[in-house]
Chemist: 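Here it is: the structure, laid out below.
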Amino acid sequence: MEVRVRFAPSPTGYLHVGGARTALFNWLFARKHGGKFILRIEDTDTERSSRESEQSIMNDLKWLGLYWDEGPDCGGNYGPYRQSERLNLYKKYAYELVERGHAYFAVYDKDDPKKLLYTTTKEPTDGNPFTVVFKVPENRKVAFQDMLKGEIEFSTEHMDDFIILKSNGFPVYNFAVVVDDHLMNITHVLRGEDHISNTPKQILLYEAFGWTPPKFMHIPLILGADRTPLSKRHGATAVEHFRREGYLSKALVNYLAILGWSVEEEIFDYQEKIKDFEPDQISNKNVVFDYQKLEWLNGKHLRALGVEKLESELKSWMEFVGVNEKIPNSVALICREKVNTLKQLYEFAIPFLREDFEYEQEYIEKFLSKPEAEIILEKSLAAFESLQTLSIENVEQTLRSIAAELGFGTNKVFQTVRGAVLGRLVTPGLFESITVLGRDRTISRLNRTLKLLKNLRSGA
RNA sequence: GCCCCCAUCGUCUAGCGGUCUAGGACACUGGCCUUUCAAGCCAGCGGCACGGGUUCGAAUCCCGUUGGGGGCGCCA
């Protein structure tokens, strides 16, 4: 039988990392088994659902590379894939349950909807609002095999009858999932652990219909550093935020995969990990989201990128955040050695992009204003003017001999020059930086700094 | 309150009764490298929640306690 799994977000906000992880595991499972990954939008909460949120969730999923085979945008043989478009189905099946004696109508006072008037098994026609309520069998054990946690058993003595169809005609979550998962031929339900206690209710519904339930797997939740549910208080949770901050989607997915899943080599491309994915290898305890490890991992991915890939990642990130600038590959290549995200890389590259870069106050105080600065810069200027082409080797040789000639430490000379050509004290390697800037720009920057130095003198 | 799930370094984990003086990764600390900052390499710090069993032997099995998480909606 073909494996069919689904990711079923409710479009009430952004895609957060928890949802992304659930989606990833479903995607991995489908791909591993050559099955289908379905996207279903659970928009039965008319108050909170929105099309904007649905769209942003789909955008984020695509950015992560978690493409679906069937969904509201691309269709499929089991549509519609938006629950709000399946209302007739839910009504039909809810009424069928009433006919079979597993459910009943609950009628409320139209002036006081909280007040239950009576229950009946005939569709009410008195104009009062009514719901369809599932009748939970008394004193039954409901058990299921969870793919991660083994057998889980509940007793119906702790369960009350529950509404399956609201008075506005919309289904309630527990009912809609069952109808949809069955009708869409879902074989495996991989979802968050917060759904464990919903499972017995759903199984009762499958039984009432005489349907076979899918296999269930409940994935542990992601927590913040203080072990409370991950929220904005702990930092970012939205996938889009990480994108904005300059994380690579491959790195984010890699981190999400590794979070609770132990593998020999931690750094990988999830596309190549499909064959190794075994859902029962996932840890069965809640995990704490570690921002530092994510950043470390992103740095690893960033530095491993090929030149063209680095260029295109940088370009699409800048488009995404609305930065209008062109970073030459030569600059990107030397900057990425020092940073972990595209955003950090961009900020590191700024002094290379603008001739009117600013000087850090610390540079001026600690180096430019020192008496030795002028001679260092003038010597450097003269040296670079006499060089035709720059290479890392001859730049290094040039600067070292200036230090030797003047009898200054290399640190003093290098830092003075570094600030003179880039305005900052923390930059990529000096020799690489100067080589990338090229002879002319290096000379004009040295001149500019020398002019500043003189202004400083006369002003003082 | 009731029901369910979970429990190894700060964090993510390896471990599935003896090979564990508990291994790895991130973080942290120190060293090397060195032109700043990183990267890289090396070293160090640091843990089986507690109490009972079972067993010749327990991080590993059982029970309890404690702790954390989830659920108990005309939310999903």
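Numbered from 1 within each chain, the chains take letters A, B, ... in sequence-line order.
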Chemist: Say you pick atom P in B:rA14 and the same atom in B:rG53; how far apart are they, in whole Å?
Modeler: 30 Å
Chemist: Please report the distance, rounded to the nearest Å, between CZ in A:F367 and P in B:rU35.
Modeler: 14 Å
Chemist: Taking a pair as Watson-Crick or G-U wobble with both distances under 3.5 Å, which nucleotide is matched to B:rG1?
Modeler: B:rC72
Chemist: Base, sugar-phosphate, or nothing: which does A:F289 touch, judged by heavy atoms less than 4.0 Å apart?
Modeler: nothing
Chemist: When the C1' atoms of B:rC42 and B:rU55 are compared, how many Å lie between them, rounded to an integer?
Modeler: 43 Å
Chemist: If you check every side-chain atom of A:I163, which of B:rC74, B:rC75, B:rC3 has the closest atom?
Modeler: B:rC74
Chemist: Under 4.0 Å, counting only non-hydrogen atoms across every strand here, what does A:F170 touch: a base, just sugar-phosphate, or nothing?
Modeler: nothing
Chemist: Kindly state whether the ring of A:F414 and the ring of A:F431 have centres lying under 6.0 angstrom apart.
Modeler: yes
Chemist: Identify whether any heavy atom of A:R424 sits under 4.0 Å from a base atom; if not, whether one sits that close to sugar-phosphate; answer base, sugar-phosphate or nothing.
Modeler: nothing
Chemist: Name the closest nucleotide to the A:V172 side chain, picking from B:rC74, B:rA39, B:rC5.
Modeler: B:rC74
Chemist: What's the closest nucleotide to the side chain of A:S262 if the choices are B:rG24, B:rA27, B:rA14?
Modeler: B:rA14
Chemist: Closer to the 5' end of RNA chain B via nearest nucleotide, is it A:V263 or A:F431?
Modeler: A:V263
Chemist: Can you tell me how far C1' in B:rG73 sits from the matching atom in B:rC50, rounded to whole Å?
Modeler: 38 Å
Chemist: Within the 4.0 Å heavy-atom criterion, would you say A:S155 contacts the bases, only the backbone, or no part of the nucleic acid?
Modeler: nothing
Chemist: Under 4.0 Å between a side-chain N/O of A:K166 and OP1 or OP2 of B:rA76, yes or no?
Modeler: yes
Chemist: Determine the contact category for A:L165: base if any of its heavy atoms lies under 4.0 Å from a base atom, sugar-phosphate if only primed atoms, P, OP1 or OP2 are that close, otherwise nothing.
Modeler: nothing
Chemist: So what does A:P9 hit on the nucleic acid, given a heavy-atom distance under 4.0 Å: a base, only sugar-phosphate, or nothing?
Modeler: nothing
Chemist: B:rA59 and B:rG15: how far apart are their C1' atoms, nearest whole angstrom?
Modeler: 8 Å
Chemist: According to the Watson-Crick and G-U wobble definitions, with both distances under 3.5 Å, which nucleotide is paired to B:rA49?
Modeler: B:rU65
Chemist: Take atom CD1 of A:I402 and atom C1' of B:rU35, then tell me their distance rounded to the nearest Å.
Modeler: 13 Å
Chemist: What does B:rG18 pair with, Watson-Crick or G-U, if both distances are under 3.5 Å?
Modeler: B:rC56
Chemist: Any side-chain N or O of A:N284 under 4.0 Å from OP1/OP2 of B:rC6?
Modeler: yes
Chemist: Quick one: A:F348 CZ to B:rA39 P, roughly how many Å, whole number?
Modeler: 12 Å
Chemist: B:rA76, OP1 or OP2 - any side-chain N/O from A:T44 closer than 4.0 Å?
Modeler: yes
Chemist: Mind checking if A:E337 touches a base, just sugar-phosphate, or nothing, with heavy atoms under 4.0 Å?
Modeler: base
Chemist: Can you name the closest pair of heavy atoms from A:L453 and A:L368 and give their distance?
Modeler: CD1-CD2, 3.3 Å
Chemist: Give one of base, sugar-phosphate or nothing for A:L430, where a contact means two heavy atoms less than 4.0 Å apart.
Modeler: base
Chemist: Mind checking whether A:Y255 and A:F289 have ring centres under 6.0 Å apart?
Modeler: yes
Chemist: Go ahead and name the base partner of B:rU11; Watson-Crick or wobble counts if both distances stay under 3.5 Å, otherwise write none.
Modeler: B:rA25
Chemist: For A:H218, which contact category applies under a 4.0 Å heavy-atom criterion: base, sugar-phosphate, or nothing?
Modeler: nothing
Chemist: Need one value for A:K300: base, sugar-phosphate or nothing, where a base atom within 4.0 Å counts as base even if backbone is also close, heavy atoms only.
Modeler: sugar-phosphate
Chemist: When rounded to the nearest Å, what value does the distance between C1' atoms of B:rC48 and B:rU60 take?
Modeler: 10 Å
Chemist: By nearest atom, which of the nucleotides B:rU11, B:rU35, B:rA27 is closest to the A:D290 side chain?
Modeler: B:rU11
Chemist: Between B:rU35, B:rU11, B:rU13, which one does the side chain of A:V287 approach most closely?
Modeler: B:rU13
Chemist: Name the nucleic acid region contacted by A:T131, choosing base, sugar-phosphate or nothing; use a 4.0 angstrom heavy-atom cut-off, strictly under.
Modeler: base
Chemist: Expressed in angstrom and rounded to an integer, what is the separation of A:K285 atom NZ from B:rU13 atom P?
Modeler: 5 Å
Chemist: Taking the side chain of A:N411 as heavy atoms from C-beta outward, which of B:rU36, B:rU11, B:rG70 is closest to it?
Modeler: B:rU36
Chemist: Could you tell me the separation between the NZ atom of A:K201 and the CG atom of A:D161, rounded to the nearest 0.5 Å?
Modeler: 10.5 Å
Chemist: Mind checking whether A:W261 and A:F277 have ring centres under 6.0 Å apart?
Modeler: yes
Chemist: To the nearest Å, give me how far apart OH (A:Y291) and P (B:rA27) are.
Modeler: 17 Å
Chemist: So what does A:P220 hit on the nucleic acid, given a heavy-atom distance under 4.0 Å: a base, only sugar-phosphate, or nothing?
Modeler: nothing
Chemist: If you compare all heavy atoms of A:V189 against all heavy atoms of A:P214, which two are closest, and at what distance to 0.1 Å?
Modeler: CG2-CG, 3.6 Å
Chemist: Regarding A:G260, tell me which of base, sugar-phosphate or nothing describes its non-hydrogen contacts under 4.0 Å with the strands shown.
Modeler: sugar-phosphate
Chemist: Rounding to the closest angstrom, what is the interatomic distance between B:rG1 and B:rA58 at atom C1'?
Modeler: 36 Å
Chemist: Going through the checks in order, is the side-chain contact (heavy atoms from CB on, under 4.5 Å) test met by A:W68 and A:D73?
Modeler: CA-CA 10 Å; A:W68 48 97; A:D73 56 335; 2.8 Å; yes
Chemist: Do A:K149 and B:rC5 have a side chain to base donor-acceptor pair shorter than 3.5 Å?
Modeler: no
Chemist: Of A:H158 and A:F130, whose nearest nucleotide on RNA chain B comes first from the 5' end?
Modeler: A:H158
Chemist: Distance check: side-chain N/O of A:R227 vs OP1/OP2 of B:rC12, anything under 4.0 Å?
Modeler: yes
Chemist: B:rU13, B:rU34, B:rC74: which one has an atom nearest the side-chain heavy atoms of A:S283?
Modeler: B:rU13
Chemist: Taking the side chain from A:N286 and the backbone from A:L223, do they hold a donor-acceptor pair closer than 3.5 Å?
Modeler: no
Chemist: With no angle test and no hydrogens, is the base of B:rC74 tied to the side chain of A:S167 by a donor-acceptor pair under 3.5 Å?
Modeler: yes
Chemist: In terms of side-chain heavy atoms of A:N198, which of B:rC3, B:rA76, B:rA7 is nearest?
Modeler: B:rA76
Chemist: Could you give the distance separating B:rC16 and B:rG51 at their C1' atoms, to the nearest angstrom?
Modeler: 24 Å
Chemist: If only side-chain N and O atoms of A:K201 are considered, is one of them under 4.0 Å from the OP1 or OP2 phosphate oxygen of B:rC3?
Modeler: no
Chemist: If we take the C1' atom in both B:rA76 and B:rC63, what is their distance in whole Å?
Modeler: 37 Å
Chemist: Starting the side chain at C-beta, find the nucleotide from B:rA25, B:rU8, B:rG70 nearest to A:S197.
Modeler: B:rG70
Chemist: Taking the six-membered ring for Trp and the single ring otherwise, decide whether the centroids of A:Y206 and A:H182 are under 6.0 Å apart.
Modeler: no
Chemist: Taking the six-membered ring for Trp and the single ring otherwise, decide whether the centroids of A:F105 and A:Y95 are under 6.0 Å apart.
Modeler: yes
Chemist: Among the candidates B:rC4, B:rG70, B:rG24, find the nucleotide nearest to the side-chain atoms of A:E266.
Modeler: B:rG24
Chemist: Counting only side-chain nitrogens and oxygens, does A:R400 get under 4.0 Å of the OP1 or OP2 atom of B:rU35?
Modeler: yes
Chemist: Identify whether any heavy atom of A:E153 sits under 4.0 Å from a base atom; if not, whether one sits that close to sugar-phosphate; answer base, sugar-phosphate or nothing.
Modeler: sugar-phosphate
